[in-house]
Each structure stands twice: as structure tokens, then as C-alpha cells.
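Below is one structure, written out as C-alpha cells, with a few remarks after it.
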Amino acid sequence: MLVTVEGIDGSGKSTLVKGLAGALADLDPVITREPGATWVGEAVRRSIAENDDPMTECLLFIADHAAHLRHVVRPALAAGRIVVSDRYADSRYAYQAVTLKNLLPDPAGWLQAVHAPFTVVPGLTFLCVLPVDAAVTRLKEKREHFEEASVLGEVQQNFLALAEADPERFVLVDALLPVDEMLSFVADEIRRRAGAAR
Ligand code: TYD
């Protein structure tokens, strides 16, 4: 079963995913992430840091996804493991729909079309949602170019539209809850769905 965790920067999703490793230890999940599960992540980090060309950056994120699928996600799913990924394709559909806005006529449609033939669609996606102001307050001073409040506001709208379009897959998580409450809610939901999938 493939589970993904999404949300804007400052939503606490990375802390949540780290907590899941412990909370689900008896299920022996594979905990992974995008970007950075393979060496391609280093190229992505460099592209983010240089804030160069949005299309170059996007294609590197997609290359990172391809390598992640080939080397981590598909083998783990084939072995019957539960895979939990901190960010996944929905991050592209939400973030790059914003960064490519002035470069392509329909970035969201293009992003979906590029992924569709080769991606693995998650069975369950948790979307951590909180007011953009609260997220920005949580971020450190040194921000990546995605982390402007206006960008994050648009990104979160895109995430919410994705969730609305696919309510079977998405579960919304109140990211203002204390971390241990978020964690037990998400861990219980994964156990429930994993039990049902057997
Ligand atoms: P991430 O490593 O999750 O951020 P953090 O620094 O909080 O650990 O992701 C780095 C940045 O890349 C983050 O601002 C979100 C952005 N991103 C995209 O724009 N598109 C994508 O497809 C992914 C996976 C991340």
C-alpha cells in the first residue's frame, strides 16, 4: 500500500512522517521522501538553491520521481510493504502548477499528463492543512523561493482542489493540532486501511 503525506512548507508533515516510522514500527513500513530518495535529489536541491529556470527545476523533480519509483517505491510495493512517502506527485501538481504558470498554457493539465503513464497513484494521501500565516510563521528566516506566503496560498488552494476532486484517496489533517494528535490520527487511519486491504 502506497501512502503519501502532502502539505505546504511549514505544515509539519516531515515531523509527522518521522513520527510514523515509530508509530507503525510493527508494520515495518518503508519511509521515504521526494525529493531526495535517490542521488537525483542532489540535483533537485541544487536547482532549488539556484532558483534558476522553473522548467529545469520541474523536470528534475520529475526525474527524482522516476528514480524514486524505480529504486524504492515499486520494489517495496512488489515486496508487499507499506510505503509512506513525505511528498510525492501531488507536490508537483500543486507547486509546479504555480511555478510554471507563465511558461505553459495549462501547467496543471501538462503535469498530470506527464505523470499519468508512468507514476503509481497512491492508495491514500494525507493532506496537512493550516492557515498560510501559521505556516509562514513556523518557517525559518532562510526560505526557499516556494515559501513566500502568496505562493504557499496558491499551492494550498491547488492541494485542496486535488483533494476535492479525489475524496476517496485524500484525507485532510488539521495541521494546527498538536503533533502527537496528528500522529495518532494518521497512524490509526493507515492501520484501518491496511487492515481493509488485506
Ligand atoms: P521538501 O524537501 O519537502 O522541503 P523541506 O525543506 O521542508 O524538507 O521540499 C523542498 C521544496 O520543494 C519544498 O518547498 C516543496 C518543493 N517541491 C516542489 O515544488 N515540487 C515537488 O514536486 C516537490 C516534491 C517539492
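Counting starts at 1 for both ligands and their atoms, following the listed order.
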Problem - Protein residues having a heavy atom less than 4.0 Å from any atom of ligand 1 - result: D9, K13, R33, E34, P35, R45, I48, F61, R87, S91, R92, Y95, Q96, E144, F146
Practice task
May I ask you to check whether over 12 heavy atoms, not counting those of R46, lie within 6.0 Å of atom CZ?
Solution key: no
Exercise for the section: List for me each residue that meets side-chain hydrogen bond (donor to acceptor under 3.5 Å, both in side chains) alongside S85, sequence neighbours excluded, and say none if there are none. Expected result: none
Practice task
Return the orientation label for the H115 and F118 ring planes: parallel under 30°, perpendicular over 60°, tilted otherwise.
Solution key: parallel
Practice task
Work out which heavy atom in E189 is nearest to a heavy atom in L124; give both atom names and the distance.
Solution key: O-CD2, 4.5 Å
Exercise for the section: Mind listing the closest non-hydrogen atom pair of Q96 and P107 along with its distance? Expected result: O-CB, 4.2 Å
Problem - Backbone N/O of G10 and side chain of R138: donor-acceptor pair under 3.5 Å - result: yes
